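A quick write-up on the structure given underneath.
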4 protein chains.
Amino acid sequence: MNAAAACFVERGFHGAGMAAIAKKAEMSPGHIYHYFSTKNDIIAAIVERESAAKVAFFKAFCDVEPENILQVLLDKVDEGVEKCADPFESILSREILAETQRNREIAQIVHRHHEDSLKVFVDILTSKLGVEDVESKVNCMKAMFSGIMIQVLVNPKLDRVALTAEVKRLIKFMLSGEKSTI
Amino acid sequence: MNAAAACFVERGFHGAGMAAIAKKAEMSPGHIYHYFSTKNDIIAAIVERESAAKVAFFKAFCDVEPENILQVLLDKVDEGVEKCADPFESILSREILAETQRNREIAQIVHRHHEDSLKVFVDILTSKLGVEDVESKVNCMKAMFSGIMIQVLVNPKLDRVALTAEVKRLIKFMLSGEKSTI
Amino acid sequence: MNAAAACFVERGFHGAGMAAIAKKAEMSPGHIYHYFSTKNDIIAAIVERESAAKVAFFKAFCDVEPENILQVLLDKVDEGVEKCADPFESILSREILAETQRNREIAQIVHRHHEDSLKVFVDILTSKLGVEDVESKVNCMKAMFSGIMIQVLVNPKLDRVALTAEVKRLIKFMLSGEKSTI
Amino acid sequence: MNAAAACFVERGFHGAGMAAIAKKAEMSPGHIYHYFSTKNDIIAAIVERESAAKVAFFKAFCDVEPENILQVLLDKVDEGVEKCADPFESILSREILAETQRNREIAQIVHRHHEDSLKVFVDILTSKLGVEDVESKVNCMKAMFSGIMIQVLVNPKLDRVALTAEVKRLIKFMLSGEKSTI
DNA sequence: TATGAATGAGACTTCATTCAT
DNA sequence: AATGAATGAAGTCTCATTCAT
């Protein structure tokens, strides 16, 4: 699976052939079919793994004390932006995105995990911060990060440091429950 | 080109064969090659057109009076979110994204237009609103909208109305130059 | 026809498309079909012309006085070798050769002219030099020259001057009716 | 490769499709690409093999005693002329010739082997016969034989027996070091 | 458990030729 | 006489998957 992921990052889900994956895995093409019955199964397994990792990222906030949650959250922004810019991770994420659009099985996996992570995060923020209208705020944050992952691709000159600062400011604003004065 | 775009939306750049495009365009496969010398050229032409349309969207703000700009901007948020959710438009955009990752020629087109639109929008906001640190704010907004385009895909249950409201609140906050109190 | 010949030299009978020929001839592809009903007809016309030119080369010897024939012949060797090395002429000749192998209609044209030129040349030598076994000598000379045309292709370093001298020596030997002493 | 060679002789390098080759080889078209990565590679392999065989023909003279070399050479003339007339062999040779004109990769292979064979033969004749100006004589002989290969094509009525006799006479003359008296 | 040769449908692209204008 | 848009069959090559060993 790691071999496959590496190939997929390098050439894309469809650009990478079973032969290349087999070679990277030091296996014969035929033998891969003992572990996965279809190329699509490999993709699904990788999508499952990646998606689960993202849900786990949110679950990590469960154990944080309510009074620290905002700070921990802001501290994690740097990590989040960094991940969006990490070549391996971000390429794979975007590849999954593309597949989500064309492949019903993959779409289901992605939807399920996104639903999970949304629920987890909404619960955390509701119970620990007590802000109103949490769901749309969480969706906003998710949009921000998936959007950053895209901006990194479409704008190679993106100033990540400045962007990180602005993102933090926005998150602070959202979660503080402040009303905009304009 | 419209036929090709329709096919690409339906099956993806790589899922749609020249034969299918030819059929939709009511042409023979061979004749397509009088207009485009490569399938990739068709893709490039469509990407060019879509990207230019997005730049035009930003240029529309040039003629707005400074005192109205914030309001006009907020009014356009609804349209922006709607576009992100429009099946045809958003599928095509995401397809372009996927191609940007694997196809150097497409990447160049996309980069060029993103640079343009960034510049145009930064200029507008600088001259008409005079806020600080415009570029990272613009990047933030761009990230928001590209992120929404993705959330629409990964979260079919997304509440667009609530999200739109929150986005407006954030934009107001960003452009008002207010400092977060926390 | 000149346009076609130029294209054929540049890209080969099959590498050159009707579109390219039309362009070089400053004509529309369709209009070529007013003069030739098939691409093969163009090729045939060119082959006819080239072959006729070669026969004419031999007919030129008809008017030479018997006592000068050997000297004139030897003088013409330089011209013959030069022609074998001329890019345009030799490329076209070799292209014709290739076509002769695959294309019955072309083969017939080529056969007819070769028969002509053989007959013409045999007659000349018989009447003016009175050597024995003229036909095989003529065939030998023809082989030499067609062979040189090939050596020029397969051996780019060929020393044409030295080769010309040797060829002259052989022709002198052949036509002098001398017997080899070994 | 034999299947391919057979197809190429029958229809030419470009007339023979991969489908036909696959059929003759009792293979699927796709499987050919396990052995050769391109149609051109198949052609190159065949050209390599044919060219090497020709070099080997010359190397065979290395082991002949100096006093027998002229006789052995003359004996080989019959075999040489026969090869030029052998349908399979000569068609393939002429096909290679045509390809040499249009295909840089093939041209390099052909050039390399011709250089080799020239060198080998020049060395043999220099050391065993001690005649002057060997290179142009060797080139002359090569021209003769490649020319015969062509005459066989352009003149179906060619009298090979008479031609063979004349060729022998010429070779004897060339290698005996005799001076023409005219 | 493991191999890798083999399959064959389907992808993009080319090009001689036609025909309405 | 002239155009050039249009055709569609055929070409080379790719690749997920199978199966005898």
Side-chain angles (χ1 to χ4, degrees), chain A residues 4 7-8 11-23 25-43 103, chain B residues 4 7 11-23 25-43, chain C residues 4 7-8 11-23 25-43 103, chain D residues 4 7 11-23 25-43:
Chain A
C7 289
F8 290 153
R11 318 270 335 257
F13 284 144
H14 297 293
M18 292 300 279
I21 296 172
K23 195 171 186 181
E26 295 174 56
M27 234 180 233
S28 68
H31 194 46
I32 293 181
Y33 287 83
H34 276 261
Y35 301 105
F36 302 95
S37 66
T38 284
K39 188 188 185 182
N40 200 60
D41 274 12
I42 306 179
I43 297 175
N103 186 325
Chain B
C7 289
R11 319 266 340 252
F13 285 144
H14 297 294
M18 291 302 279
I21 296 172
K23 196 169 185 181
E26 293 173 58
M27 244 181 222
S28 68
H31 191 47
I32 295 181
Y33 289 83
H34 276 253
Y35 302 106
F36 301 96
S37 66
T38 286
K39 189 186 183 184
N40 199 61
D41 273 12
I42 307 179
I43 298 176
Chain C
C7 289
F8 290 153
R11 318 269 337 255
F13 284 145
H14 297 293
M18 290 301 277
I21 296 172
K23 197 171 184 179
E26 294 174 58
M27 233 181 233
S28 68
H31 194 46
I32 293 181
Y33 286 83
H34 276 261
Y35 301 106
F36 301 96
S37 67
T38 285
K39 189 187 184 183
N40 199 59
D41 274 12
I42 306 178
I43 298 175
N103 187 326
Chain D
C7 288
R11 319 270 335 257
F13 285 143
H14 297 293
M18 291 303 280
I21 296 172
K23 196 170 186 179
E26 293 173 58
M27 243 181 224
S28 67
H31 190 46
I32 295 181
Y33 289 84
H34 276 254
Y35 301 106
F36 301 96
S37 65
T38 286
K39 188 186 184 184
N40 199 60
D41 274 12
I42 307 179
I43 297 176

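Within every chain, numbering begins at 1; the chains are lettered A, B, ... in the order of the sequence lines, protein sequences first and strands thereafter. Since we're looking at a predicted model, the values are computed, not measured.
Computed from coordinates, the D:Phe36 CZ to F:dT14 C1' distance equals 18 Å when rounded to whole Å. Computed from coordinates, the B:Arg11 CZ to E:dA11 C1' distance equals 12 Å when rounded to whole Å. One atom, CD1 of B:Ile21, and another, P of E:dA11, lie 11 Å apart when rounded to the nearest Å. Rounded to whole angstrom, the span from the CD1 atom of B:Ile42 across to the P atom of E:dT13 amounts to 8 Å. The CD1-P distance, from A:Ile32 to F:dC15, rounds to 14 Å in whole Å. Atom-to-atom, CD of B:Glu26 to P of F:dG8 comes out at 14 Å; the value is rounded to the nearest Å. Between B:Met27 atom CE and F:dT7 atom C1' there is a gap of 12 Å when expressed in whole angstrom units.
Side-chain atoms of C:Ile21 and C:Phe8, non-hydrogen and from C-beta on, do get closer than 4.5 Å to each other.
Closest heavy-atom contact between C:Phe13 and C:Lys39: O-NZ, 2.8 Å. Closest approach of C:Cys7 to C:Ala16, counting heavy atoms only: O-CB, 3.8 Å.
Side-chain N/O atoms of A:Tyr35 include one lying less than 4.0 angstrom from OP1 or OP2 on E:dA2. Neither OP1 nor OP2 of E:dG4 sits under 4.0 Å from any side-chain N or O of A:Ser28.
Note: A:His34 and A:His31 have tilted aromatic rings, judged against thresholds of 30 and 60 degrees for the angle between ring planes.
In this structure, D:Met18 reaches the sugar-phosphate backbone alone: every heavy-atom distance under 4.0 Å involves primed, P, OP1 or OP2 atoms, never a base. Using a 4.0 Å heavy-atom distance criterion, A:Ala16 is classed as a sugar-phosphate-only contact. Across all strands, B:Gly17 comes closer than 4.0 Å only to sugar-phosphate atoms, never to a base (heavy-atom distances).
Both D:His14 and A:His14 lie close to DNA chain F; mapped to their nearest nucleotides by heavy-atom distance, the more 5′-ward contact belongs to D:His14. Projected onto DNA chain F by closest heavy-atom contact, D:Asn40 and B:His34 fall at different nucleotides, the more 5' of which corresponds to B:His34.
Picking from E:dT7, E:dT13, F:dC13 the nucleotide with the shortest atom distance to the side chain of D:Pro29 gives F:dC13. Comparing atom distances between the C:Tyr33 side chain and each of E:dA16, F:dT3, F:dT18 picks out E:dA16 as nearest.
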